[in-house]
Amino acid sequence: MILLRYKLFPFIMVAFVVVLLLSNTVAVKVAKLGPFFFDGAVILFPISYIFGDILTEVYGYKRSRVVVWTGFIACLFMSFVYWLVGILPAAPPWGGQEAYQRILGQTPRIVMASLVAFFCGEFTNSYILAKLKIFTRGRWLWTRTIGSTIAGQLVDTALFITIAFAGIMPGTVLLRMIMTNYFFKTTYEVLATPLTYAVTAWLKRVENEDYYDFKTNFNPFMVTMEDLR
């Protein structure tokens with residue numbers, strides 16, 4: 001089992017899920033900084049992609065696939081709980097029902113947008129990174145982390161902004177949000193490359209693992225017991 005074989009894999013999985021849940025909650029706020037529009041998750045969500053790079057580079061695509069699905073299930077449960085609490089009758093002395101619905105009541109749509117976008121974006125990211133690792137024979141980590149990020153974040157950002165805010169924001173604002181978020185998140189990860197290098201090298205030493213996906217089935221839906229070994 002993964003949790004028994006590796007010392008730090010469980011902690012990375014938990015950290016990934018925490019970042020994903022927090023990102024989906026704070027994404028309901030749209031902020032404006034100068035001429036730029038961005039959702040609240042932009043300050044946190046790129047970290048999940050850094051986790052994805054590290055997971056795929058060290059443990060392989062099939063194990064990172066388990067982590068991604070774990071995050072998806074946690075997001076679905078979070079969304080259900082927010083919805084369930086929202087429809088419960090509010091006590092008369094409590095005047096926060098409207099505020100609750102205005103913020104957390106949007107969460108199911110945000111989570112749906114995040115799930116679709118992250119599913120496509122993260123698996124695009126992991127697939128490209130895993131394939132580039134084989135192509136480069138494990139050299140030039142920066143080409144894999146940056147190259148996979150450019151493709152994965154483009155897919156993720158375009159899908160998320162469109163699904164989450166279409167009909168709420170004007171089309172011109174949506175386009176500016178996509179461009180701003182994509183630029184910020186991609187730059188964020190490029191600047192984090194030295195940290196990614198350091199963490200990846202450390203994990204490879206501690207876990208005694210440097211996985212290559214030579215025979216991996218890259219179908220994102222094919223989560224099997226083999227992935228847990």
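Computation of the quantities below employed the complete heavy-atom set of this structure, encompassing side-chain atoms and omitting hydrogens, waters and symmetry-equivalent molecules.
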A quick test of your reading: do over 12 heavy atoms of other residues, nucleotides or ligands sit less than 6.0 Å from [atom1] of [X]?
{"X": "Phe77", "atom1": "CZ", "result": "no"}
{"X": "Phe214", "atom1": "CZ", "result": "yes"}
{"X": "Phe135", "atom1": "CZ", "result": "no"}
{"X": "Asn208", "atom1": "CG", "result": "no"}
{"X": "Arg137", "atom1": "CZ", "result": "no"}

Donor-acceptor under 3.5 Å ([X] side chain, [Y] main chain):
{"X": "Lys133", "Y": "Tyr211", "answer": "yes"}
{"X": "Thr180", "Y": "Met177", "answer": "no"}
{"X": "Arg65", "Y": "Ser126", "answer": "no"}
{"X": "Tyr212", "Y": "Gly60", "answer": "no"}

How far apart are the closest heavy atoms of [X] and [Y], and which atoms are they?
{"X": "Leu203", "Y": "Tyr59", "answer": "CD2-OH, 3.9 Å"}
{"X": "Val155", "Y": "Cys120", "answer": "CG1-CB, 3.7 Å"}
{"X": "Val17", "Y": "Thr70", "answer": "CG2-CG2, 4.1 Å"}
{"X": "Ile50", "Y": "Ala192", "answer": "CD1-CB, 3.7 Å"}

Check for me, please, whether [X] and [Y] land in the same ILVMFWY cluster - side-chain distances under 4.5 Å, paths through other members count.
{"X": "Ile12", "Y": "Leu195", "answer": "yes"}
{"X": "Ile73", "Y": "Leu20", "answer": "no"}
{"X": "Val190", "Y": "Leu44", "answer": "no"}
{"X": "Ile47", "Y": "Phe11", "answer": "yes"}

For [X] and [Y], which I'm curious about, is there any donor-acceptor pair between the side chains at under 3.5 Å?
{"X": "Ser148", "Y": "Asn125", "result": "yes"}
{"X": "Thr136", "Y": "Arg144", "result": "yes"}
{"X": "Thr186", "Y": "Thr149", "result": "no"}

Any [X] side-chain heavy atom under 4.5 Å of [Y] side chain:
{"X": "Val66", "Y": "Met13", "value": "yes"}
{"X": "Val67", "Y": "Phe51", "value": "no"}
{"X": "Leu132", "Y": "Trp140", "value": "no"}

Report the C-alpha distance between Thr196 and Thr145 in whole Å, list the side-chain angles of each, state the deciding distance to 0.1 Å, and finish with yes or no for side-chain hydrogen bond (donor to acceptor under 3.5 Å, both in side chains).
CA-CA 8 Å; Thr196 304; Thr145 58; 6.0 Å; no
Taking salt bridge (Lys or Arg N to Asp or Glu O under 4.0 Å) as the cut-off, I'd like each qualifying pair that reaches into residues 78-91, sequence neighbours left out, listed once.
none
Per the salt bridge (Lys or Arg N to Asp or Glu O under 4.0 Å) rule, what does the pair list look like for residues 187-209, sequence neighbours excluded?
Arg5-Glu209, Glu57-Lys204, Lys204-Asp210
Separation between [atom1] of [X] and [atom2] of [Y], rounded to the nearest 0.5 Å:
{"X": "Leu141", "Y": "Thr193", "atom1": "CG", "atom2": "OG1", "result": "8.0 Å"}
{"X": "Asp53", "Y": "Ser64", "atom1": "CG", "atom2": "OG", "result": "10.0 Å"}
{"X": "Gln101", "Y": "Ile87", "atom1": "CD", "atom2": "CD1", "result": "9.5 Å"}
{"X": "Ile54", "Y": "Phe16", "atom1": "CD1", "atom2": "CZ", "result": "12.0 Å"}
{"X": "Leu159", "Y": "Leu115", "atom1": "CG", "atom2": "CG", "result": "12.0 Å"}
{"X": "Leu129", "Y": "Thr124", "atom1": "CG", "atom2": "OG1", "result": "12.5 Å"}

List the steps, then state whether side chain to side chain contact (heavy atoms under 4.5 Å, CB included) holds for Leu55 with Arg63.
CA-CA 8 Å; Leu55 284 163; Arg63 297 186 180 98; over 6 Å; no
Could you give me the CA-CA distance, side-chain angles and deciding distance for Met179 and Tyr182, then say whether side chain to side chain contact (heavy atoms under 4.5 Å, CB included) is met?
CA-CA 5 Å; Met179 294 173 63; Tyr182 177 62; 6.0 Å; no
Ring pair (Phe, Tyr, Trp, His ring centres under 6.0 Å) partners for [X], two or more places apart:
{"X": "Phe221", "value": "Phe119"}
{"X": "Tyr127", "value": "Phe218"}
{"X": "Tyr49", "value": "Phe45, Phe118"}

Would you call the rings of [X] and [Y] parallel, tilted or perpendicular, taking 30° and 60° as the class edges?
{"X": "Tyr61", "Y": "Phe123", "value": "tilted"}
{"X": "Tyr188", "Y": "Phe184", "value": "perpendicular"}
{"X": "Trp69", "Y": "Phe72", "value": "perpendicular"}

Qualifying side-chain hydrogen bond (donor to acceptor under 3.5 Å, both in side chains) pairs, either residue in residues 157-172, two or more places apart:
Thr157-Lys185
List the steps, then state whether side chain to side chain contact (heavy atoms under 4.5 Å, CB included) holds for Asp156 with Gln153.
CA-CA 5 Å; Asp156 184 286; Gln153 286 288 11; 4.3 Å; yes
